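Here is the structure we will look at.
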Amino acid sequence: MRKSRVIVGATALVMSSLYKPVTAASYNLVKEYAGKTFFDDWTFYDHFDNLTNGDTIFVSANVAASAKLAYVDPGSNRAIIKVDNTSNVPFNEKRNTVRISTKDRYALGSVWVADMFHLPYGCSVWPAWWSQAPAWPQGGEIDTLEGVNLMTNNRMGLHTLPGCNVEGAKQVNSSKTLSTDCSHDTNNNEGCIVTDSDTTSYGEGFGKAGGGVFVTEFAETGISIWFFKRANVPQSITAGGKSIDTSTLGTPTGNWPSTGCDMNKFFEPQNLIFDITLCGDFAGPDNIFSATCSGKCYPDHVVGNGSNYATAYFEVGSVRVFGNVLSSGNDTGSGGNSSMGEISSGGGKNGGSSMIYAGLWSWALGLSVVALLV
Ligand SMILES: *[C@@H]1O[C@H](CO)[C@@H](O)[C@H](O)[C@H]1NC(C)=O
Ligand SMILES: *[C@@H]1O[C@H](CO)[C@@H](O)[C@H](O)[C@H]1NC(C)=O
Ligand SMILES: *[C@@H]1O[C@H](CO)[C@@H](O)[C@H](O)[C@H]1NC(C)=O
Ligand SMILES: *[C@@H]1O[C@H](CO)[C@@H](O)[C@H](O)[C@H]1NC(C)=O
Ligand SMILES: *[C@@H]1O[C@H](CO)[C@@H](O)[C@H](O)[C@H]1NC(C)=O
Ligand SMILES: *[C@@H]1O[C@H](CO)[C@@H](O)[C@H](O)[C@H]1NC(C)=O
């Protein structure tokens with residue numbers, strides 16, 4: 001049995017919840033990526049983008065540090081993850097950028113909170129803050145933040161094996177559900193996608209509003225994502241405490257309940273990922289590109305002096321993870337801190353293998369039509 005959630009005020013909850021599901025759940029802090037040590041526990045992809053066909057090279061940790069593509073700004077103490085905007089890239093060559101994935105994996109019963117001040121945007125730019133299990137699609141994928149080019153709204157979603165559907169989602173009315181079948185087999189891996197109607201959730205609007213916080217809850221009862229623009233970030237999150245109670249956060253921006261998707265069946269412990277690519281399967285196709293940008297994606301943007309990429313960076317205050325850590329390399333299913341609760345016994349079998357970054361690659365192929373609707 002999994003026992004990853006710590007119920008706060010258990011007695012009171014039992015009393016008040018005899019005839020309705022218990023939703024109040026507090027999770028304890030297990031990991032913080034912040035400040036000078038932000039980049040310590042991530043794997044840099046160190047290979048060209050062979051996953052989403054972007055015109056990019058995801059550089060090593062050494063190159064990222066020396067070229068200042070991944071560094072902690074000494075003034076703000078925030079992590080910068082960016083596209084190279086100072087090199088002249090000749091035609092037929094690729095531009096350097098960054099893709100990092102947490103060394104630790106986080107099991108069912110976890111919450112990750114990303115506090116950011118700027119998101120990458122611009123013509124040809126395709127960033128994501130997301131997660132997946134090493135075995136894809138069987139281990140599932142959760143996309144908390146994603147967009148391309150000059151789109152103005154965040155799109156969230158899941159990608160799974162067939163059988164996971166959205167039923168009875170309880171999310172804010174302003175969010176729009178674009179698709180409810182999460183299967184990678186449906187509509188060329190479109191996924192079950194929800195768009196945020198708030199234009200501060202992505203692109204230039206995000207930074208202009210002072211950034212904000214994305215909360216992703218990966219729970220037995222389902223997956224929920226909250227977006228709070230800076231002005232609306234709850235005090236409980238700003239305070240940066242050692243636990244988080246998702247029942248205090250209000251109605252989520254996106255919700256994928258277990259009603260139509262057995263979380264134990266479709267999800268394994270997740271690696272959290274930041275990446276920025278250019279053009280590729282989602283940002284590049286003419287029909288998508290021309291919806292918000294002019295010219296051609298690769299020759300008119302990637303090629304040249306890089307002046308197009310001054311806004312193509314993440315500025316991250318912190319990523320804080322609560323709940324259920326599974327150490328990388330631990331293939332017994334029993335890793336992590338025992339005080340954090342038991343670890344998913346089905347999720348660890350690929351823990352030591354190199355990661356398969358297949359998630360976005362295949363689903364992006366199917367998104368061209370949907371992207372135009374956003
Ligand atoms: C991408 O390149 C890496 C490094 O060569 C390799 O291990 C991986 O299998 C490749 N992935 C794909 C999808 O081709
Ligand atoms: C959201 O929609 C539901 C169902 O249509 C409605 O009952 C509820 O009042 C709406 N909530 C808000 C905040 O508009
Ligand atoms: C960089 O290239 C752009 C587009 O070709 C051009 O407008 C700009 O002047 C160039 N900047 C520099 C510093 O050369
Ligand atoms: C590169 O981008 C940074 C912001 O990430 C900006 O401050 C800088 O001016 C840009 N450099 C050039 C040459 O455009
Ligand atoms: C897996 O976790 C267990 C329990 O914490 C630990 O004893 C073991 O060394 C770990 N294995 C690896 C390969 O890290
Ligand atoms: C266990 O917890 C300690 C302190 O709380 C932390 O430093 C360590 O990284 C955790 N170990 C794992 C495997 O998460």
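All figures in this text were calculated on a predicted structure; none of them were measured in a lab.
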Supply the atom-to-atom distance Asp49 CG to Lys94 NZ, rounded to the nearest 0.5 angstrom. 7.5 Å

Val213 backbone acceptor or donor facing Arg230 side chain under 3.5 Å: no

By side chain to side chain contact (heavy atoms under 4.5 Å, CB included), which residues pair with Ala169, not counting sequence neighbours? Val166, Gln171, Asn255, Pro257

For Thr221, does its backbone N or O pair with a side-chain atom of Ser258 as donor and acceptor, under 3.5 Å? yes

Hydrophobic cluster identity match, Ile80 and Val125, side-chain contacts under 4.5 Å: no

Mind checking what makes salt bridge (charged side-chain N to carboxylate O under 4.0 Å, His left out) contact with Glu167, not counting sequence neighbours? none

Give the C-alpha distance, both sets of side-chain angles, the deciding distance and a yes or no for side-chain hydrogen bond (donor to acceptor under 3.5 Å, both in side chains) between Asn62 and Ser60. CA-CA 5 Å; Asn62 284 342; Ser60 66; 5.4 Å; no

For the pair Ser179 (side chain) and Ile193 (backbone), establish whether a donor and an acceptor sit closer than 3.5 Å, ignoring hydrogens and angles. yes

Please step through side-chain hydrogen bond (donor to acceptor under 3.5 Å, both in side chains) for the pair Thr86 and Asp84, ending with a clear verdict. CA-CA 6 Å; Thr86 57; Asp84 173 4; 3.2 Å; yes

Are the side chains of Thr199 and Asn153 in touch, meaning some heavy atoms are under 4.5 Å apart? yes

Run the side chain to side chain contact (heavy atoms under 4.5 Å, CB included) test on Met156 and Asp143 for me, step by step, so that the C-alpha distance in whole Å, both residues' side-chain angles and the decisive distance to 0.1 Å come before the verdict. CA-CA 5 Å; Met156 303 155 270; Asp143 300 329; 5.9 Å; no

If you compare all heavy atoms of Glu220 against all heavy atoms of Met263, which two are closest, and at what distance to 0.1 Å? O-CG, 3.7 Å

Single-linkage hydrophobic cluster, 4.5 Å side-chain cutoff, Phe289 and Met151 together: no

To check you understand the geometry: which heavy-atom pair defines the closest contact between Tyr121 and Asn149, and what is its length? CB-O, 4.3 Å

Are Phe228 and Phe117 joined in one hydrophobic group, where the rule is that I, L, V, M, F, W and Y side chains link up if heavy atoms are under 4.5 Å apart? no

If we only count heavy atoms from C-beta on, is the Trp130 to Glu146 side-chain gap below 4.5 Å? no

Would Asp73 and Ser76 count as a side-chain hydrogen bond (donor to acceptor under 3.5 Å, both in side chains) here? Give the steps. CA-CA 6 Å; Asp73 181 78; Ser76 65; 3.1 Å; yes

If you apply the rule side chain to side chain contact (heavy atoms under 4.5 Å, CB included), what do you find for Val319 with Phe38, and how did you get there? CA-CA 8 Å; Val319 171; Phe38 182 94; 4.3 Å; yes

Check whether any side-chain heavy atom of Trp129 sits under 4.5 Å from a side-chain heavy atom of Met116, and report yes or no. yes

To the nearest 0.5 Å, how far apart are OH in Tyr313 and CZ in Arg78? 10.0 Å

Can you check whether Ser26's main-chain N or O pairs, donor with acceptor, with Ser243's side chain at less than 3.5 Å? no

Kindly give the heavy-atom pair with the smallest separation between Asp245 and Thr248, and that separation in Å. O-OG1, 2.7 Å

Does any non-hydrogen side-chain atom of Thr97 lie less than 4.5 Å from one of Phe58? yes

Mind checking whether Pro234 and Trp226 have side chains closer than 4.5 Å, heavy atoms only? no

Asn271 (side chain) donor-acceptor with Thr102 (main chain) under 3.5 angstrom: yes

Could you check Val30 against Asn324 for side chain to side chain contact (heavy atoms under 4.5 Å, CB included), going step by step and ending with a plain yes or no? CA-CA 7 Å; Val30 290; Asn324 218 345; over 6 Å; no

Separation of Leu272 CG from Ser110 OG (nearest 0.5 Å): 8.5 Å

Any side-chain heavy atom of Leu161 sitting closer than 4.5 Å to one from His184? yes

Validation row: Arg155, Tyr202 side chains within 4.5 angstrom (heavy atoms): no

Of all residues at least two apart in sequence or in a different chain, which pass the salt bridge (charged side-chain N to carboxylate O under 4.0 Å, His left out) check with Asp300? none

Decide yes or no on disulfide bond (SG atoms under 2.5 Å apart) for Cys123 and Cys297, but give the supporting numbers first. CA-CA 7 Å; Cys123 292; Cys297 194; over 6 Å; no

With no hydrogens and no angle check, do the side chains of Ser183 and Asp185 hold a donor and an acceptor under 3.5 Å apart? no

Partners passing salt bridge (charged side-chain N to carboxylate O under 4.0 Å, His left out) against Asp198 (at least two apart in sequence or in another chain): Lys229

Is the ring pair Phe44/Phe39 parallel, tilted or perpendicular, if the boundaries are 30 and 60 degrees? tilted

For the residue pair Asp40 and Thr37, confirm or rule out a side-chain donor-acceptor distance under 3.5 Å. no

If the threshold is 4.0 Å, N to carboxylate O, is there a salt bridge linking Asp41 and Lys31? yes

All pairs passing disulfide (SG to SG under 2.5 Å) where residues 27-83 contributes a residue, at least two apart: none

Between Val83 and Leu69 the two heavy atoms that sit nearest each other are C-CD2, 4.0 Å

List the steps, then state whether side chain to side chain contact (heavy atoms under 4.5 Å, CB included) holds for Val172 with Phe227. CA-CA 11 Å; Val172 295; Phe227 169 63; over 6 Å; no

List in chain and number order the residues that pass salt bridge (charged side-chain N to carboxylate O under 4.0 Å, His left out) with Arg320, two or more places apart in sequence or in another chain; answer none if no residue qualifies. Glu32

Search all heavy atoms of Thr152 against all heavy atoms of Ser201 and return the closest pair with its distance. O-OG, 4.4 Å

Under 6.0 Å from the ring centre and within 45 degrees of the ring axis: does the NZ or CZ of Arg95 meet both conditions for the six-membered ring of Tyr309? no

Do Glu204 side-chain atoms and Gly122 backbone N/O form a donor-acceptor pair below 3.5 Å? no

Pro137 and His159, any side-chain heavy atoms less than 4.5 Å apart: no

Mind telling me whether Trp126 and Phe282 have parallel, tilted or perpendicular rings, with 30° and 60° as the class edges? perpendicular

Could you walk me through whether Asp104 and Tyr33 satisfy the side-chain hydrogen bond (donor to acceptor under 3.5 Å, both in side chains) test, starting with their C-alpha distance in whole Å, then the side-chain angles of each, then the deciding distance to 0.1 Å, before giving a yes or no? CA-CA 11 Å; Asp104 280 336; Tyr33 305 87; 4.7 Å; no

Verify same cluster id: Val72, Val98 (apolar side-chain graph, 4.5 Å): yes

For the hydrophobic clusters of this structure (ILVMFWY residues joined by side-chain heavy atoms under 4.5 Å, transitively), does one cluster hold both Val233 and Leu29? yes

Nearest 0.5 Å, please: how far is CD1 in Ile225 from CG in Asn154? 7.5 Å

Looking only at heavy atoms, which two atoms of Phe267 and Cys261 are closest? And how far apart? CE1-SG, 4.1 Å

For the cysteine pair Cys192 and Cys182, state whether the SG atoms are less than 2.5 angstrom apart. yes

Between Phe274 and Trp42, how do the two ring planes meet: parallel, tilted or perpendicular, split at 30° and 60°? tilted

